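Keep in mind the model is a prediction, meaning the values are calculated, not measured. Throughout, protein chains are lettered first and strands after them, A, B, ... in sequence-line order, and every chain is numbered starting at 1.
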Amino acid sequence: MLYREAGDFKTSYAADLQTFPIKSERILFWSFTAVAFLVVPFFINDYWEKSILVPFLVWSMVALGLNILTGYCGQVSLGTGGFMAVGAFACYKFMTAFPDLNIMICILLSGLVTAGVGVLFGLPSLRIKGFYLAVATLAAQFFLVWMFNKFAWFYNYSASGQISAPERSIFGIAVTGPNSAPWATYLTCLTIVFVFAWVARNLTRGRVGRSWMAMRDMDIAAEIMGVSPFNAKLSAFAVSSFYIGIAGALFFSVYLGAAEVTEAFGIDKSFTALFMVIIGGLGSILGSFLGAAFIILFPVLLKNLMVGYLGWPTDLAAHFQIMIVGGLIIFFLIVEPHGLAQLWRLAKEKLRLWPFPY
Amino acid sequence: MNARPDSSEFTGARDDGIAKGDTLLEVNNVSLSFGGVKAITDISFDIKKGEIRAIIGPNGAGKTSMLNVINGFYTPQQGTITYRGVPRRAMRTTDAARQGIARTFQNIALFKGMSTLDNIMTGRITLQKRNLLWQGLWAGPAEREEIEHRRTVEAIIDFLEIEHIRKTPVGRLPYGLQKRVELGRALAAEPSLLLLDEPMAGMNLEEKEDMSRFILDVNNQFGTTIALIEHDMGVVMDISDRIVVLDYGRKIGDGEPDDIAKNQDVIDAYLGVPHEG
Ligand SMILES: Nc1ncnc2c1ncn2[C@@H]1O[C@H](COP(=O)(O)OP(=O)(O)OP(=O)(O)O)[C@@H](O)[C@H]1O
Ligand SMILES: [Mg+2]
């Protein structure tokens with residue numbers, strides 16, 4: 001009786017529109033959330049924060065953003081790294097120009113700035129699609145990185161060309177800078193990701209989400225139904241970039257602390273994000289988390305296994321890990337294009353019917 | 001001017017201020033060509049409020065192109081379209097949708113990755129008003145609006161007898177049901193003018209009978225004006241009020257089913273009598 005719908009009838013449309021219509025799923029979700037908010041902060045240490053939890057959360061935010069654009073609206077983007085850089089540099093400029101401004105506000109403003117930049121680079125999507133759009137966003141990636149390198153104003157003319165986050169606190173507790181405690185950075189990221197995952201869920205289940213998906217599935221029919229491509233595509237670019245911008249701001253200020261643009265926000269970041277949404281599941285909120293977890297945690301796991309447990313040399317383990325992850329990406333593209341989220345859905349369907357499959 | 005129906009109950013067709021029997025749409029001397037190919041040549045006809053107006057003709061006659069002109073997808077080189085008293089030649093398809101022109105497609109154009117429910121909900125997109133911010137918060141107005149429209153869509157789902165496939169991704173549905181969902185999606189817009197492009201193509205007899213019944217019911221119950229392209233002459237003669245016949249982009253007949261059946265040009269066109277010019 002672990003996973004049952006029986007006796008779980010919907011008596012209103014509101015109930016049917018819930019995110020987790022099945023009770024056991026709801027319980028699972030809220031227990032998970034309770035542990036994440038109330039238990040983990042007491043046990044988190046430096047290793048778990050820096051290597052696992054905070055990167056997982058930040059990348060979940062990136063994957064959510066990219067999934068809105070690519071998974072829901074069908075616009076492929078290779079500019080994710082560049083948009084993260086916009087968020088990071090915007091955050092840096094806000095933090096240094098207005099030292100009294102609350103860090104949360106800095107982060108949100110960085111999201112807004114990135115949304116604007118995203119809309120700008122999203123304009124070509126009104127004319128071109130598919131491969132050509134991917135190339136256009138790739139150009140955005142290179143242009144943005146070049147720009148943050150070229151104009152010293154962005155990094156406040158620092159000699160190293162690096163940006164580093166000054167200490168800022170929320171309720172008197174440092175969340176950026178060297179004195180921030182692991183639980184504080186973790187909770188900051190968790191709160192932001194939790195809230196915006198919920199917002200993403202709301203956006204994707206209503207009118208806006210349907211206009212994105214209609215664009216993705218059949219743009220001409222969508223237009224004939226009255227979906228404006230201009231509104232649908234540009235709102236997807238705006239919302240997606242907003243998320244990625246916030247993620248970039250968190251990545252720089254809370255996670256890295258200091259960053260150099262070419263190294264921190266290069267093209268590899270764009271691909272990492274794309275792999276996450278492909279493996280996790282295009283067009284799925286859960287998939288964004290599963291994809292981020294997979295890409296962040298799987299290498300850690302493999303490394304612990306191969307180096308820590310089997311005692312292999314690190315470089316061999318590293319190569320092995322790249323091969324395995326690459327192989328899995330190919331596997332997912334061929335065998336299950338809807339990713340881990342789909343596997344989870346299928347497993348649920350099986351469980352629901354078990355032990356009587358009819 | 002654009003009276004919106006109360007979305008909490010399904011009224012089927014919006015009130016466009018035009019009385020039954022008056023002219024809803026007028027096509028005047030429309031010509032359309034693609035490069036050298038003349039798809040439509042100097043065609044005029046009208047559609048009256050509340051009627052089922054069939055557009056028939058052999059393959060390549062220009063029927064689909066005619067619908068594409070009516071909903072603004074193609075812009076004719078000559079002529080005007082007068083819809084609800086407003087003449088125009090060019091129009092954006094999104095504006096046509098907002099003004100109550102909805103359609104189905106000859107080759108099914110459903111949103112494959114979405115469920116039946118979401119596909120039909122998408123039909124209501126021009127009637128939903130809450131902006132991005134409300135939608136993101138969901139609580140309150142956005143949720144209320146969603147539920148209101150959901151109620152209407154459920155009425156359509158009942159009407160079309162597709163309750164059992166409500167949550168099924170449409171890509172998995174058999175062809176006949178996909179056609180029905182597509183009709184549902186068009187109905188969801190509560191159209192003034194419903195354009196149906198071969199809604200029965202590729203169906204078996206039983207499916208055709210169901211579809212004919214739905215079309216008649218839409219017309220009777222909601223008073224929706226329908227322009228219908230269909231190849232099955234039996235069906236056309238049965239359910240339409242008036243018929244336009246096209247052949248090689250020209251109009252060769254226009255009138256009630258009985259007259260059309262007697263029209264020698266029409267008989268020739270369908271029997272494939274060689275054609276001069
Ligand atoms: N987008 C287009 N580009 C070029 N030619 C076109 C286009 N659309 C239609 N045509 C041409 O216009 C003519 C009329 O086509 P249309 O699709 O309107 O015919 P139809 O009456 O709907 O035929 P069918 O019964 O086969 O659906 C055909 O010769 C077709 O090849
Ligand atoms: Mg056709």
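Nearest approach of B:Ala109 to A:Ala221, heavy atoms of both residues: O-CB, 3.5 Å. Nearest heavy-atom pair across B:Arg98 and A:Ser228 is NH2-CB, 4.3 Å. Residues A:Gly206 and B:Glu146 come closest through the heavy atom pair CA-OE1, 3.8 Å.
Atom CZ of A:Phe32 sits in a sparse spot, with 12 or fewer heavy atoms from other residues, nucleotides or ligands closer than 6.0 Å. For A:Lys129, the NZ atom sits in a loose shell: 12 or fewer heavy atoms of surrounding residues, nucleotides or ligands are nearer than 6.0 Å. Heavy atoms of other residues, nucleotides or ligands lying less than 6.0 angstrom from CZ of A:Phe29 number more than 12.
Proximity to chain A (any heavy atom under 4.5 Å) is shown, for B:Asp118, by both the backbone and the side chain. The contact between B:Gln128 and chain A is made by backbone and side chain atoms together, counting heavy-atom distances below 4.5 Å. Within the 4.5 angstrom heavy-atom criterion, only side-chain atoms of A:Arg216, from C-beta onward, approach chain B. Contacts between A:Ala222 and chain B at a heavy-atom distance below 4.5 Å involve backbone atoms as well as side-chain atoms.
Each of B:Phe73, B:Trp134, B:Phe111 has some count of heavy-atom pairs under 4.5 Å with chain A, and the biggest count is that of B:Phe111. Of all the listed residues (B:Arg92, B:Arg144, B:Glu145, B:Met121), the one sharing the greatest number of non-hydrogen pairs under 4.5 Å with chain A is B:Met121. Between chain B and the residues A:Met225, A:Arg205, A:Arg201, the most heavy-atom pairs under 4.5 angstrom are made by A:Arg205.
Distance check: B:Leu132 CG to A:Ser211 OG gives 9.0 Å after rounding to the nearest 0.5 Å. Once rounded to the nearest 0.5 Å, the distance linking OG1 of B:Thr122 with CZ of A:Arg210 reads 6.0 Å. Remark: B:Leu195 CG to A:Ile224 CD1 distance equals 9.5 Å, nearest 0.5 Å.
With hydrogens and angles disregarded, a donor-acceptor distance shorter than 3.5 Å links the side chain of B:Gln135 to the backbone of A:Arg207.
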